Amino acid sequence: MLSRQLLFAFRGVQRCCGRPISSPSSVATFRKCYVSSNAGADSPSSTTPEPVFAGRNLWRADTLTSFQEKPQAWLSTLEDKHDRKIGLLDLHPDVFRAPPRLDIVHRNIVWQQNYRNVQFTKTLTRAEMPGGGKKPWPGKRMGRSKAGSIRAPYFRGGGIAHGVRGPRTWFYMLPDALRLKGLCTSLTIKHNQDDLVIVDSFDRLPSPDAQFLHDLADHRNWGYSVLFIDVPDRACENLALACADIPSFNIMPTYGLNCYSMHKYQTLVMTHEALNYLEERILFHLHRADTLQNKFRYKDMKEKLLNEGEGEDDPVHAPFV
Amino acid sequence: MGSKSATERALNYLRRAPRVTLTDVRDNPGARTKGRLVRKKDNMAGQQYNDLRGAGKPPLGWIWGDFYKPWQRIYPGATFFNQDINLRREYPPLSLLELQRLIDLGWLDPSLPIDLTALCNTRQYRCDPSLRQFGVQLTDEGASVFAAKVNLEGASVFAAKVNLEVQWASETAIAAVERAGGVVTTAYYDPIALTAAVDPLKWFEKGEPIPRRHSPPADLIGYYTDARHRGYLASPPAVEAARSELALKIGYALPDRTDDAQHDMLAARKDPLQVFFGLAPGWVVNLADQTLLKPKNPRLLHYYSGRLDASKDS
């Protein structure tokens, strides 16, 4: 009884609506349901993986509507330069078929470019310049223009009148709702314009040869620039070595996904695991009970910001900002 | 073309359009407006040494006369009616329809007791103690649909047996819940206990002990001791009798309570001093270390036990 009571108590402590309740997925009648969500996770690279046609659990997706196209994506593999499709995945319409709000994407991109800007320069006014307290010459009889101080702006070496004033920041936080919508819109656009590729796993790449990856991308008509997205921030060895030699191919973890990168890079290549993770996280935030419009106060973050460089002192090298 | 939604039409257009790049995104027209620039006419406009410039200006609402008597100060406040307007209690309503909607959409879990805290945690219902709001008022709108919970596929229909704790409930609302097999209790929360109940996280972050609930004021004691209102201070036999009486009065059959799976949950009631299930008044919840700190001082224990005898030092 006490343990159930404690359960009641801690439910009361939860601020936001927690884990969503999942609804049963609708499996298409003409598809056979094959094994497993992690296609090819345990099978060796020499054997071909079983094709994956199991329906994905699309949480709280409106599957009955006939007014919205149901987004789907091929699941392919990086084993070979030929694009062999090993599955067909249903994508969540709230994430991959969201209204294409280009203005929200614009706001996200502008925010990303500006919020980190800090200006360290400061110009001195006539009051801050050294000297200049005394009237340099009397106003009349001199035949010279009137002057009150040698540091006035019209003087050579004088103060600056409307100059750049001191450390300044363009910091602001875009509301969570807009950042979420921006991500959903960018993913929608990428998927809609055939620039989204979903791959089973990056560790199936057979060699660290950059030429192989280049040929693969060429054969599959990927763009000039490709962004590989995986869940962990430690990349697979072969992929990391290959991308190191190709400047326009880069790897990013899911927590770094942003609107700017999605539109800078022409093609987005994502793992199946990354897709599941992104969908789950985006849907969690889209459906949570808390407000998506938080006040970001400096005093809440002050201690964390001031202690940011704590463990980064190096005896030889200057700090990297 | 016209039958598709705007989203679908936009996406079809984008599919045929070239790749969207960083330079292809811009704000909607009219989203940003240029600020007004200061123009020559915007400074003193020739009034630097005007006689009226330094004079006192009439207040807003001035209707010709004394500067101290603008329109809004001429008429005295209402003294013959609504004198107690600031003392009245409000109970923001929660209809059975809304409650059913919250359960169906997954905001509330009917397998756990539903009290004010659970409702406020959904963020779909709001009760603000600073506005003299004293809790949930259960209204009977939607009483006819309250018994049913339907799945998306329309497969199974079952009764929503809920253990509800509210602050005010109408007779028909109580009847609707009991008819479906649930339980309603009305309980009083004094303003400080209410502040804790409405936002427990904020209260725990303050580091203050969980408050004890005080008894209702004189004009509410009658309400909460009455079994017809399912008051928390009424005796359980009286509440049972009132249940049967209400069933006879309205004309429905009381469901039998032989379902043992939910019996424990339906029988769960808070102590009259208790604010949260499973937590006693006086305890301090340490969220950072996930521990509970319980008082040991006899005076504190005496206070939080709610005993009326004066033996504080025992």
Side-chain angles (χ1 to χ4, degrees), chain A residues 1-18 20-21 23-24 26 60 63-65 67-69 71 93 97-110 113 185-186 188-195 223 259-260 262-264 266-267 287-291, chain B residues 3-8 10-29 31 105-109 112-113 115-118 120-124 151-153 155 163 197 199-204 264-265 267-268 270 274-279 285 287 290 292:
Chain A
M1 188 64 184
L2 183 63
S3 58
R4 271 190 80 74
Q5 279 192 324
L6 280 169
L7 176 67
F8 302 161
F10 283 114
R11 264 195 82 81
V13 170
Q14 266 181 339
R15 182 158 237 180
C16 46
C17 185
I21 302 166
S23 59
S26 55
R60 289 193 182 175
T63 46
L64 301 173
T65 180
F67 298 108
Q68 186 184 50
E69 219 181 272
R97 199 92 186 150
R101 291 289 303 270
L102 292 177
D103 61 310
I104 292 182
V105 174
H106 173 258
R107 281 184 73 172
N108 272 270
I109 288 170
V110 160
Q113 288 172 322
T185 305
S186 293
T188 301
I189 292 168
K190 280 297 186 215
H191 169 65
N192 194 44
Q193 297 193 317
D194 295 332
D195 289 327
C259 295
Y260 186 93
M262 282 201 267
H263 290 288
K264 177 183 171 180
Q266 292 182 339
T267 306
H287 288 263
R288 69 180 157 100
D290 273 13
T291 175
Chain B
S3 61
K4 285 208 170 94
S5 72
T7 304
E8 290 297 308
L11 289 168
N12 283 335
Y13 175 85
L14 269 177
R15 194 161 170 71
R16 293 190 295 275
R19 199 179 263 130
V20 172
T21 58
L22 290 172
T23 49
D24 291 328
V25 288
R26 54 188 64 84
D27 265 327
N28 287 334
L105 292 176
W107 290 107
L108 286 171
D109 187 1
L112 292 173
D115 60 347
L116 175 65
T117 308
C120 291
N121 280 344
T122 64
R123 306 303 208 114
Q124 305 301 301
N151 275 358
L152 277 173
E153 279 91 327
N163 180 351
D199 200 344
L201 200 65
K202 197 168 160 185
W203 185 272
F204 297 151
D264 276 351
M265 186 279 286
K270 284 184 197 167
Q274 201 181 6
V275 177
F276 303 112
F277 278 115
L279 296 173
V285 176
L287 287 172
Q290 297 271 301
L292 291 167

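To find a chain, count down the sequence lines: A is the first, B the second, and so on, and within it residues start at 1. On a predicted model such as this, the values are computed, not experimentally measured, just so you know.
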Q: First locate atom CG of B/Asp27, then atom CD1 of A/Ile104, and finally report the distance between them rounded to the nearest 0.5 Å.
A: 10.0 Å
**Q.** N-O pairing of B/Arg26 and A/Asp103 below 4.0 Å
**A.** no
Q: Apply side chain to side chain donor-acceptor pair (under 3.5 Å) to A/Asn108 and list each qualifying residue two or more places apart in sequence or on a separate chain.
A: none
Q. So, A/Arg60 side chain and B/Leu105 main chain: donor-acceptor pair closer than 3.5 Å or not?
A. yes
Q: Measure A/Asn192 against the heavy atoms of chain B and call it side chain, backbone, both or neither at under 4.5 Å.
A: both
Q | Counterpart residues, side chain to side chain donor-acceptor pair (under 3.5 Å), relative to B/Thr21 (two or more places apart) | A | B/Thr23, B/Asp24
Q.
Between A/Arg101, A/Lys190, A/Arg107, A/Glu69, who has the most heavy-atom pairs with chain B when the cutoff is under 4.5 Å?
A. A/Glu69
Q | Shortest non-hydrogen contact from B/Thr7 toward A/Pro100 | A | CG2-CD, 4.1 Å
Q) Distance-only, no hydrogens or angles: does the A/Gln193 side chain make a donor-acceptor pair with backbone N or O of B/Val20 under 3.5 Å? A) yes
Q: Would you check if B/Arg15 and A/Asp194 make a side-chain contact, meaning some heavy-atom pair closer than 4.5 Å?
A: yes
Q | Side-chain touch B/Leu11/A/Arg97, heavy atoms, less than 4.5 angstrom | A | yes
Q) Can you name the nearest heavy-atom pair linking A/Phe67 to B/Ser5, along with the distance? A) O-OG, 4.4 Å
